[in-house]
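The next block holds one structure in the form of structure tokens; read it before the comments.
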Amino acid sequence: MSHLLPLSRVAKLVGQSRHTLQDMIRSGALATFDGMIELDELLRAFPEVKWDDDAEFRRVTEIKDQAFARRVRDLVLPDKEVLAARLNELGNDYASAQALLLHYGNVMTWLDEKIDELDEGASAETHHALHSVRAFLLRNMAEMPPNAAQAQALIVQERMLKIMSAHVTIQPSGHAFFVEGNETILEAALRHGVSLNYGCSNGNCGDCKARLVSGKVKKVHAHDYVLKPAEKEAGAILLCSYAPVNDVVIEANVAGARDIPVQQLSAKVKSVEVFNPQMAALHILVPRSQRLRFLGGQSIRVSIDGISGRYAIASCPCEDRHIEVQIPHRPGDAFAEALFASVKANDRVEVEGPYGEFVLDEDSPRPVIFLAFGAGFAPIKSLIQHAMSLELSESMDLHWLADAAGHYQDNLCRAWADALDNFNYVPHTPTEDLDTLLRTIALDYPDLHRFDVYAAGSAAQLERAHAQFVREGMHSARWFARADAD
Ligand code: FES
């Protein structure tokens, strides 16, 4: 009996991205059967992976988590009801496997008896043939296949993953992610940067209502919002209150930049990170009860003691309660002056937003070039982290054209490049001859027409970059830009 595994779970087992596996499938290095990978094929394609040791998988996950500035989460067990339901499913699998083995055992006994029956009074030639068949069966029954130990270890790992996490596919968008530990479906979606509709996140408003298409879920938080019997009958669930028992498919709306309303909330300063005299980051912690919905690349208005300014968000929507904005120390910017002079941890900060439509085209399968001019790195950083959490792009190249503030997060960019196969980082020092530099960058991509280009900087820089890139083959429609003032 063949053992088939879905691609997302294989990606987890071997510590590779789905993109890498899809590349292997395209090149013929990994065979699929109805979109699934057979266990034997997996063992063949990844002979170097030690299935009984998940250290490599954990190492890769930790590097990625650190590179994304994301908290490395403790291994948390699922909610006890979910755990019981998953163990019950596993028990059922085990019982069916036992029943099947029993059945095969009976078939073998029957076959043995049949051979005895046929052997009675058989010719010497038939006797010899029956003897060979019996010897063949006994030999193969007694002998384990050469990769049996590896296959067993792999199945153990996969079963462990199934207990600790469940796979969710969102329709019609096709987003997919794992719900781990005691997360709800909504929490896991947000952690993966999937912008599902929601409001209160605690079972009151009904905004996270969605439809379960297949699989099983369990309610893990009580909710005051009442689902009507007809809605329940049709499979309605509240994403903030339910966790999946097994792999599920859910019908739900994923919001675009225009669908997310402007929100106002009162938060506190977590810290001020001064990179150098020209650039600082304001780290904000929003209340547990009121998260800010936004997409990577958008901006917010922040206000402390009546002084306010609007800045690009530099963090990923997947970062739970943390929001980062990066603020250049520009003359005449009262908020920047206050930030460098007196703002400190625990100060109250009012947040309003999100604004802007400089967001990822999540439907695009094209490789991406990011062009960050100076402090334009902030929205680009947010986009990159969002793309990483969604595992969106086939490849991402970051060109950071620094100004006087320099490459103030150079280490972070290098960590991304070290941790991810599909990410390249090219820092560029300030130059008098911007057009030549832009043309050199564009010429590095003879197939520029295949790329999406996201650029952030001043209006003048963007205009010049757009002109050079179009001249070298970029489709104007695949140019996404955010000017400093947006
Ligand atoms: S977000 Fe309000 S009920 Fe789920």
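Remember, it's 1-based here, ligands and their atoms both numbered in the order they're listed. Given the structure is predicted, the values throughout are model-derived calculations rather than measurements.
- Within the coordination shell of atom 2 (Fe) of ligand 1, defined by N, O or S atoms under 2.8 Å, Cys208 is absent.
- For Leu390 against His175, the heavy-atom pair with the smallest separation is CD2-CD2, 3.7 Å.
- A salt bridge is defined here as a Lys NZ or Arg NE, NH1 or NH2 lying under 4.0 Å from an Asp or Glu carboxylate O, and Arg366 with Asp361 fails to meet this definition.
- Set against the non-hydrogen atoms of Asn204, the atoms of ligand 1 under 4.0 Å away are 3 (S).
- Distances from atom 2 (Fe) of ligand 1 show that Cys240 has no N/O/S atom below 2.8 Å.
- The aromatic ring centres of Phe451 and Phe469 sit 6.0 Å or more apart.
- Heavy-atom contacts of Cys205 reach the following atoms of ligand 1: 1 (S), 2 (Fe), 3 (S) (cutoff under 4.0 Å).
- Contact detail for Leu292 and Val286: the closest heavy-atom pair is N-CG2, 4.4 Å.
- Given atom 3 (S) of ligand 1, the protein heavy atom at minimum distance is Gly206 N, 3.2 Å.
- With respect to the salt-bridge test (charged N to carboxylate O, under 4.0 angstrom), the residues Lys162 and Glu89 do not qualify.
- Counting the atoms of ligand 1 from 1 in the order shown, those under 4.0 Å from a heavy atom of Ser201 are 1 (S), 2 (Fe).
- Within the listing of ligand 1, atoms 3 (S) sit less than 4.0 angstrom from a heavy atom of Gly203.
- Between the side chains of Asn197 and Asp207, no donor-acceptor pair of N or O atoms lies under 3.5 Å.
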